[in-house]
Amino acid sequence: MGLVRFAAQADGRRIMTSHATQNSLRTLLLQRLAKLSAPSGVNGTVPHGAESGVNVFGYCVQVCERFARSRLAHPAVVVVLSGTKEVWRGDVVQRFPPGVPFAIPAGMEIDLVNIPDPQSGRYESLCITVDTSLRQILRAKLGGLPNGSSIPASFGITLSADLVEAYGHAASVLANPVAEIAEAVAQHRILEILLLLSGTQVGRMLVAVDRTEQVEAIIYADPSHPWLVGEVAGALGIGASTLRRQLKQAGTSFREICLAARMATAGALLSAPGYSVTQAAQAAGYSSRSHFARQVRTAHGVPPARLRSAA
C-alpha cells in the first residue's frame, strides 16, 4: 500500500508540474503576442502582415457571438488573447482560454462561439490561415504528411518553449515589418510555427485538407513507389471504392494524381544538375525509359534529354 500511495503521489506531482509549466508558457506566450493586440475599442478583423504575403489577422469583439455551421476553406491556428473560444462539433464542445493555441480543420461543419472576458468585456484572438501556398511549402519541407489522425479528438496544442519563441519571432516581424525583407521573413517565421506544430496531434490536418490534397501528399512523398489505390485508401482510413468516388467527385482520379506527382518529380530532377535521365526515371517510378520518355514528352512538351540539356 505504501508503494502504491507513493506512486500515486508521484503521478500527482508530475501532473501538477506539467500544468504549472503550461500555465507559465501560456503567460509568456500572451506577453510575446501583446504587441499584436488591437487598440482598445477596435472591433472586427485586424490584418497583420498583409503586405508580407501571409494571412495572419486579429479579431476583436465586445459582445458574445455565435457562428453556426461554419466551414473554413483553409485550416487555421488560433490563439485567444482575451476571453474564451468555444468550438462545437455536434454536441461536443472544446473550450480554449487565453494563451492556449488550437487548430480548426478545413471543411468541417462546426459552431464557433466568442465569449468576451467578464472583466475587460473584450474577446480577442490571433489567427494564422494555413492557405494553399503555405501547405505546399510545408509538405515539401516535411516530405509528405505528418503522422497522426487527419482529424484528432482534441484541437488543442500543448505549448513548448520553442513554440512560444517562434510565436514571439513572428510577432516581432509582423508588428514591425521591414519593407525590403518583410515577405520572406514573415513567411519564414510563420513556417517556423507550422513546422513545430507538424509534430503535434494537429499537424496532419494542417497539411492535408481535401481528399485530393491528402492523396497528393502521400504520393509526392514517395513517387517511385508503385502505389495502389487500396494502399492509399487504407492509409486514409477509407475503402478503395470510396476513395475512387471522392476523387471522381473532385474532378480527378487516382491515376491522374499519381501521374502528375511522377511527372512533377521528373521535371524537377531533369531540370536540376547532377541527375541523369535514368536516375530521374527511377525516382519517378519508371523502369522503362521509353515509357518514361513518352510520359515526359506528353507532360512537358519535350523529351527528357531536351529538359536535361536545357538545365
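Position 1 is the first residue of the sequence, and the numbers go up from there.
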Practice item. Start with the C-alpha gap between S253 and R244, add the side-chain angles, then the distance that decides, and say whether side-chain hydrogen bond (donor to acceptor under 3.5 Å, both in side chains) holds. Key: CA-CA 7 Å; S253 69; R244 288 193 185 96; over 6 Å; no

Check your understanding: In chain order, what residues pass the side chain to side chain contact (heavy atoms under 4.5 Å, CB included) check against R69, with sequence neighbours excluded?
Key -> E109, D111

Does the side chain of [X] pick up a donor-acceptor pair with the side chain of [Y] at under 3.5 Å?
X	Y	result
S290	S288	yes
N23	T21	no
K35	S172	yes
S160	D162	no

Between [X] and [Y], is there a donor-acceptor pair closer than 3.5 Å when you use the side chain of the first and the backbone of the second?
X	Y	answer
H48	L36	yes
E86	L112	no
E124	A38	yes
T200	L196	no
S37	A34	no

Point to revise | Aromatic ring proximity, centroids under 6.0 angstrom, F96 and F102 | key: yes

Mind listing the side-chain donor-acceptor pairs of residues 292-304 below 3.5 Å, one per line with the distance, residues two or more places apart or on another chain?
residue : atom : partner : partner atom : Å
Q295    : NE2  : H291    : NE2          : 3.1
T298    : OG1  : R294    : O            : 3.0
H300    : NE2  : M263    : O            : 3.0

Review point. In terms of side-chain geometry, is the basic nitrogen of E165 or R32 positioned less than 4.0 Å from the acidic oxygen of its partner?
Key: yes

